[in-house]
Amino acid sequence: MPELPEVETVRRELEQIFLQDPVIEKVSYRRKDLREVMPLSLLLVRKLKITRVLRRAKYLILTTANHGALISHLGMTGTWRSVPVGSDLGPHDHVVLERKRDWLVFRDPRRFGIFDWAEAGDWEDQVRFRHLGPEPLSAGFTPEYLFQELKKRKTAVKVALMDQALVVGVGNIYASEILFRAGVKPGLSSRKVSLAKCVQIVEKTQEILSQAITLGGSSMSDFYGVSGVEGSFQNQHSVYDRSGEPCVICATRIRVRVMGGRSTYWCPQCQK
DNA sequence: CTGTTAACCTGAGTGC
DNA sequence: TGCACTCAGGTTAACA
């Protein structure tokens with residue numbers, strides 16, 4: 001489900017929620033493991049005060065007043081929702097942040113998500129953050145950087161764009177959408193991508209991710225925000241999940257092929 | 001080292 | 001209805 005725009009949407013909503021009331025009275029689990037075992041020490045903590053809600057790549061980081069941080073990754077099907085205190089919980093509601101005014105419930109049917117705790121001040125030093133590339137909406141993601149990185153690689157450019165060590169936040173939906181708007185064929189070898197095309201890719205990456213954030217992300221089957229509202233960027237998809245349908249520009253049939261283990265969509269006419 | 005595939009899970013959709 | 005099968009937004013261990 002969640003790529004950068006969806007995670008950023010959740011971050012902004014959680015930020016507002018914790019601005020209204022920063023205190024988590026207690027944390028409870030309804031099972032002890034997602035993709036990884038969750039930290040049992042958190043269950044003993046009372047009154048966690050959330051100071052900031054950050055995002056790095058597709059991770060949410062909730063920093064606290066005592067300097068530790070909660071780490072949350074949504075995996076494929078993870079969602080955070082604000083529900084009334086004492087609400088009935090479903091079989092896939094695994095984590096509850098119990099607050100005075102509401103419960104924040106983490107639901108994740110496939111359990112590919114992560115819920116973790118980083119000790120004081122060093123969340124960025126966790127192994128899971130070390131290999132990550134630049135944020136796509138930061139000054140570090142330039143055409144020159146992309147060009148140099150792509151030159152080192154032999155994979156299809158679409159696979160490279162999804163590699164979180166090259167640039168973070170781009171997943172399977174947005175990789176196809178970005179390359180469509182940039183006019184670049186996803187199967188093109190990374191080494192053969194010109195600097196001019198890198199300019200297009202960087203520009204369209206920033207444009208699409210920004211638009212998608214504005215629209216609250218893409219709601220495919222089960223993504224929604226903390227308040228339960230769906231995003232609407234799925235209505236802007238030009239190629240993703242449109243195999244056999246006409247290209248929005250030239251009406252050529254959209255093609256699909258597996259690249260890097262994921263379905264990849266493109267227009268053979270518009271993308272060279 | 002690089003690059004590719006399989007595995008982790010459940011649910012939704014499809015075809016018979 | 002029911003069953004078998006495929007596929008799904010991510011990440012990473014295991015493999016070639």
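Numbers restart at 1 for each chain; the letters A, B, ... are given by sequence-line order, proteins then strands. Bear in mind the structure is a predicted one, so any value in this text is a computation, not a measurement.
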Under-4.0 Å side-chain N/O to phosphate OP1/OP2 contact, A/H92 with B/dG11: yes

Whole-angstrom distance between B/dG3 and C/dG9, as gauged at atom P: 23 Å

Residues 50-58 of chain A, side-chain donor-acceptor partners within the protein, below 3.5 Å, at least two apart:
unit_1: A/T51; atom_1: OG1; unit_2: A/T63; atom_2: O; d: 3.1
unit_1: A/T51; atom_1: OG1; unit_2: A/T63; atom_2: OG1; d: 2.8
unit_1: A/R55; atom_1: NE; unit_2: A/E8; atom_2: OE1; d: 2.9
unit_1: A/R55; atom_1: NH1; unit_2: A/A57; atom_2: O; d: 3.0
unit_1: A/R55; atom_1: NH1; unit_2: A/E135; atom_2: OE1; d: 2.9
unit_1: A/R55; atom_1: NH2; unit_2: A/E135; atom_2: OE1; d: 3.2
unit_1: A/R56; atom_1: NH1; unit_2: A/G133; atom_2: O; d: 3.2
unit_1: A/R56; atom_1: NH1; unit_2: A/E135; atom_2: OE2; d: 3.0
unit_1: A/R56; atom_1: NH2; unit_2: A/G133; atom_2: O; d: 2.9

Pairs touching residues 72-89 of chain A that satisfy salt bridge (charged side-chain N to carboxylate O under 4.0 Å, His left out), sequence neighbours left out: none

Residue pair A/H94 / A/R30, side-chain heavy-atom distance below 4.5 Å: no

Pairs meeting criterion salt bridge (charged side-chain N to carboxylate O under 4.0 Å, His left out) with involvement of residues 244-263 of chain A, two or more places apart: A/R242-A/E245

Touch class at under 4.0 angstrom, heavy-atom based, for A/F233 against every strand present: nothing

Pair listing, salt bridge (charged side-chain N to carboxylate O under 4.0 Å, His left out) test, anchored in residues 111-126 of chain A, at least two apart: A/D116-A/R128

Interatomic distance where CG belongs to A/L74 and C1' belongs to C/dA8 [whole Å]: 16 Å

Residues A/R110, A/D108: salt bridge by 4.0 Å N-O rule: no

Distance below 4.0 Å between A/Y59 side-chain N/O and C/dG10 OP1 or OP2: no

Distance, P atom - from C/dA14 to B/dC9, rounded to whole angstrom: 14 Å

Residue list, salt bridge (charged side-chain N to carboxylate O under 4.0 Å, His left out) with A/K204, at least two apart or on another chain: A/E207

Members besides A/F147 in its Ile/Leu/Val/Met/Phe/Trp/Tyr cluster (side-chain heavy atoms under 4.5 Å): A/L195

Among B/dG11, C/dG9, C/dT11, the one nearest A/Q164 by side-chain distance: C/dT11

Would you tabulate the nitrogen or oxygen pairs shorter than 3.5 Å linking the protein to nucleotides 14-16 of chain C?
none

Apart from A/W266 itself, residues in the same hydrophobic cluster as defined by side-chain heavy atoms under 4.5 Å: A/V159, A/M259

Integer-rounded Å distance: C/dT11 C1' and A/Q126 CD: 15 Å

Length of the line joining A/M76:CE and B/dC9:C1', which is rounded to integer Å: 10 Å

N or O in side chain of A/K58 less than 4.0 angstrom from C/dG9 OP1/OP2: no

Side-chain donor-acceptor contact under 3.5 Å, A/T264 with A/K158: yes

Bracket string, DNA chain B, 5' to 3' - pairs by Watson-Crick or G-U geometry under 3.5 Å, | interstrand: .|||||||.|||||||

Below 4.0 Å: OP1/OP2 of C/dA8 and any side-chain N or O of A/S263: yes

Where at least one partner belongs to residues 193-203 of chain A, residue pairs that pass side chain to side chain donor-acceptor pair (under 3.5 Å), sequence neighbours excluded: none

Rounded distance (Å) that lies between atom P of B/dT10 and atom CZ of A/R107: 15 Å

A/M162 CE - C/dA8 C1' separation (whole Å): 12 Å

Spacing of A/R111 atom CZ relative to C/dT11 atom C1', expressed in whole Å: 16 Å

Interatomic distance, A/L4 CG vs C/dG9 C1' [rounded to whole Å]: 13 Å

Spacing of A/D108 atom CG relative to B/dG11 atom C1', expressed in whole Å: 12 Å

Under 4.5 Å side-chain linkage, directly or through intermediates, the cluster mates of A/V83: A/V85, A/L89, A/V96, A/W103, A/V105

Within the sub-3.5 Å range, which N or O atoms of nucleotides 3-8 of chain B have a protein N or O partner, and how far apart are they?
unit_1: B/dG3; atom_1: OP1; unit_2: A/K154; atom_2: N; d: 2.7

